Structure formats: structure tokens, C-alpha cells
Protein chains: 2
Amino acid sequence: MLTEERHQLIRDQLAADGKVLAGELASRFGVSEDTVRRDLRELAKAGQLRRVYGGAVASAPFAAATLSQRSGHAVEEKTRLAKAAVGLLVAGQSLFIDGGTTNEAIARAIPRDMELTIATNSLGVASALADRPLVELIVLGGRYVPELGTCVGADTLAAVAQLGADLFFLGSCGLDAARGVTAFDSAEAEVKRAMAKNSAGIVIAVTNDKLATAAPYRVAGADAIRHLVVEKTAPAATLADFQSQGAQIHFA
Amino acid sequence: MLTEERHQLIRDQLAADGKVLAGELASRFGVSEDTVRRDLRELAKAGQLRRVYGGAVASAPFAAATLSQRSGHAVEEKTRLAKAAVGLLVAGQSLFIDGGTTNEAIARAIPRDMELTIATNSLGVASALADRPLVELIVLGGRYVPELGTCVGADTLAAVAQLGADLFFLGSCGLDAARGVTAFDSAEAEVKRAMAKNSAGIVIAVTNDKLATAAPYRVAGADAIRHLVVEKTAPAATLADFQSQGAQIHFA
DNA sequence: CTGTTTCTTGCATGAATAGGCAAAACATGC
DNA sequence: GCATGTTTTGCCTATTCATGCAAGAAACAG
């Protein structure tokens, strides 16, 4: 195994998990811990990670975001959903991705060697994609809302209006077969509606607790959902309702 | 087998796998490792791959290195500059902050209890400010440039045109008393000019190595600089030139 | 404070590499 | 055909590089 390969794998795991352990890497790569430590030292010197006792953590300005999110809720489920959702992608597509921790997990799960054009109003998603060399990243600016982690407002809407996408990864929403997709904030709903209007298909990845819940602001009908990515344990009855309205169900 | 044939096969495998091993290629082509190494050397000289011990990898699309490399450099100096620069702020002001690692340090140094309105086209700056409860953050979207860590383009310019600020923290630039403020990229320079035009004063914080250097694209004259934050060890003669054109000098 | 884990440093070893050299393959002109 | 010059290739040698090991230092946990 090339030294450079190890470095790349370490960078990848840092981007995905926010941390690496020296011993774990050593056994994974089949080299001594000394070698791994040397790797970590070099990467640290290049500013690509921050050395800590036992391993290393991401050092980028985005480390905080990544880490704080890791400590959040239902991380494993979201990572599984993300991996399944990424399976829907085809190289060369253009995407809208809006906010939410699941969407951030999806952004991190996008392979580094896939060429895509991605427009997002989420800082977390943008940060996760910032170092993907093959991703043409378009940041949708506007007034930043800390509670959502996304930009909203007239500027955001204007930027969305100029773009089109094959798929729209719609996140942080309520989901109900009867009421469709709903959002918790008026301005956020406006942006979601604009993205939905300008994209060919909507993809929604949700954990079970979001299924069959509704928020005040209506974004789109359930029949607008092209792909629904859910946990294996999702209630079959609910899924059938969405399926009957045209959604393809994908299990993580 | 023709030399050119081997070169093409090497390029093919690099595109497919991202790496090649010298020994493996030698046995596959039925030539000595020396010949393969010569091939790799030539291709590396032509910039088509990056030579590493044991073989070669796909040439770095620059993005990974450029920004993160810089972030590792002169961290302490930049932190000191940032603390001094933050001293110029007054609660209630509105700011433009553009890209560069020094500006990211400044963003991190902004006290959490200070109320400000901040517009930025830098993902790093935006991420640093995302959790400041009293900062009204406006993200200036556009096409993201990995090498700069900022958004540029028509969308960015349009967003800047709608805003005004008391201070503009101008970063990642060349600085020369005669040529003024210069940028390394045409689109970047455009955004900086727009921000300069719409702000009442320009603040520049630079490490010594940026002083008395010039880049291709002109942003503003030296007389446009209101505040110049420099290291204590900055050469006095250079500082005098800026001072005579109206800049206030602040030592970190 | 004590023991354990992790980290750095120096060193030895083997693999990979660059440069020099000569033979072979190839092209070119007579 | 023959002679000449060029290019390619493989081999040899000195050097550089990556790695693991050992010893001492530092960080951590109890």
C-alpha cells in the first residue's frame, strides 16, 4: 500500500467521522502504529488534521460542525440512510440539497470520485462538499438562520430560480401521506418549494421519527416524492401510502 | 510495445484506479521497472500524474492542497493579528469579510457577546460565525472556488451590490504601497472591488510575507486602506508608505 | 504518586529510485 | 547494403525513502 493511499484514506475517514484512532488505522492498513503516527504527523504538519492523544481529529474550519453533529442523535441511522441515498446518484447529475443533519450526512457520503453539480443553501452541506475536487459547488446565499443551518430569503429564492437540477434532496421536514411534505418555518418552506419546482425529482431520506408527522407549512404533496429512503424498520403501512402515490421506497 | 502505448495505458489505469504501482506495471508490460520509472518520470514532468514512492497517483486537482496547506502556516501570527483586528470593531456595525485564512482567524476571534451584521462570501468565515447568536449572518452565495474557499461570480456581485457595510475586512491579497491592493484571481478581484465600493472603510490584516508583494489583479489603491493590522516585526519603511497615504497602523 | 498507554527520536534494514553506462533497436542518409 | 546517429532499454551503483524496532519522554487514568 502506497503512503499516499493511506493519507487519502485517513483524510476520507476524517471527513466522514471527524476523527481517527491510531491503533485502528494501523490494523486496518496492516502497518505498525509508528507508521500511522508518522502519517498523522505529516498530515498535521500540512494542516489537514489536528493531532490528539490516541489519534487525530478534523482540523478544518468545519471540524466543529462535523463533530457537534456527530454527537447528535440517531447518527448511525442517518449514516445508513445517507449511504443508501447516495446509491441513487449518477455521475454528471446536478442536485439541490437543502438543510438538515440527514442531508449533511448524505453530502459527506458522496464519493470523492463522482462528478456532480450541487447547489445548496446549507452551510453544513457546503462545508462537507468544499473539498470534493469533482463537485461543482454552488452556494445559495441569503440570510443565515442558525436554527436551520441554512440560508433563506429573497436572495436565496432568486438564486434558486436561476438553476435547475435532476434531483432535490429535501431534508428536515415533516412527512405525511395525506398532508405531504411540510416545513417548520415559512421562509424555509418557500425555498424548498422553489427547489422542488426547479428539479426533476425529489428525494427524501428520513428516520422513522419523521414519518407520519406534519409541520405547519406545506411544501409539496406526497405525490411529488420520487424516492423515499427509509430505515428497514419503517412501518409498512405508512410506506404503502407513499408508494401508492408514486414514490419508490429504498431501504437503508 | 511502444513507449506511447505504455503511457496511454498508465493514464488509463490512473483514471480508473487513481494510482499505479511501478512493479505491477513492469510485469504487466513485460519491461523492467527502470523503464516504467522512466515513463512515470516523463508523465510527471508533463503534469499528468504525481510521482510517489512505489508508483504514482492521479495528479492532485489542487483543491486539497492549496487551502488546507495555507491554514497550517503561521497560525500563531494570524491569531495575534486577528485579536488586534477585532479590537477595531464596535458593537452594532455591519461588516463585509471576504476569504483567506487570516480573515477566518478574525471571524473566530469575534467575541460571542458582540452584536454585528456580517456578510461574507467565505465558507470558512461563515462556518466560524454560524453559532454566534448575536451575529446577523448574510451568506454571499455563488460559484464556490475551492482554491480560495470563497464564492465568486455574478450572483456574488449581485448580492454584494444590495448591501453596505461600515468596514470591509479584505483578505488573501498582495499589498504594495505603490500598486495598492491586488488579488490573484480575476473573479475574486471583482468581488473585492464590489465590497470595497460598498463599504465605508477597508481593514487589512497581513503577515509580513504579504507586505510589499503584488498580484496581477488590482483591487484598490493603497489610499483606500483605512486600517492596516501588521505584526510587530513589520518593516517600518513599508509601513510609513502606507501611513502617508492615510492608513492607520495597528500592531498585533 | 504509580502504572499504563501513547508519543517522539534515533537507528538499522530493505525497498525504491536516479544517474551513468553499454547493448540493442530503430531511423536516416549515402 | 552499409555507416552513422538517435532512441530505447536493461543493468549496475550510490543514494534516498519508508518502515519497524527500541529506548526514553510525555500524557493519561486510577
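Bear in mind the structure is a predicted one, so any value in this text is a computation, not a measurement. Residue numbers start from 1 in every chain, and the chains themselves are labelled A, B, ... in the order their sequence lines are given, proteins ahead of strands.
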Protein-to-nucleotide contact annotation, 5' to 3' order, nucleotides 16-30 of chain D [B base; S sugar-phosphate only; - none; under 4.0 Å, heavy atom]: -BSBBBB----BS--
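- Between B/Phe168 and B/Phe96, the ring planes are perpendicular. Angles over 60° get that label, and only those under 30° would be called parallel.
- Listed by residue number, B/Ala22 are the residues of residues 10-24 of chain B with a heavy-atom contact under 4.0 Å to DNA chain C.
- Heavy-atom contacts from other residues, nucleotides or ligands closer than 6.0 Å to CD of B/Glu42 number more than 12.
- Side-chain contact of A/Ser172 with A/Glu188: a donor-acceptor pair under 3.5 Å is present, judged by distance alone.
- If you check the side chains of A/Asn208 and A/Thr233, you find a donor sitting under 3.5 Å from an acceptor.
- One atom, CZ of B/Phe29, and another, C1' of D/dT9, lie 15 Å apart when rounded to the nearest Å.
- Under a cut-off of 6.0 angstrom, the local environment of CD in B/Gln248 is crowded, with over 12 non-hydrogen atoms contributed by other residues, nucleotides or ligands.
- In terms of heavy-atom proximity, B/Lys192 sits nearest to B/Gly171 at NZ-O, 2.6 Å.
- Among residues two or more places apart in sequence or in another chain, the side-chain hydrogen bond (donor to acceptor under 3.5 Å, both in side chains) test is passed with B/Arg6 by B/Asp39.
- The closest side-chain heavy-atom distance from A/Val206 to A/Leu81 is not below 4.5 Å.
- Whole-Å rounding puts the B/Glu4 CD to C/dC26 P distance at 17 Å.
- Between A/Arg41 and C/dT8, a side-chain N or O to OP1/OP2 separation shorter than 4.0 Å is present.
- A close approach under 4.0 Å does not occur between any side-chain nitrogen or oxygen of A/Arg37 and OP1 or OP2 of C/dT9.
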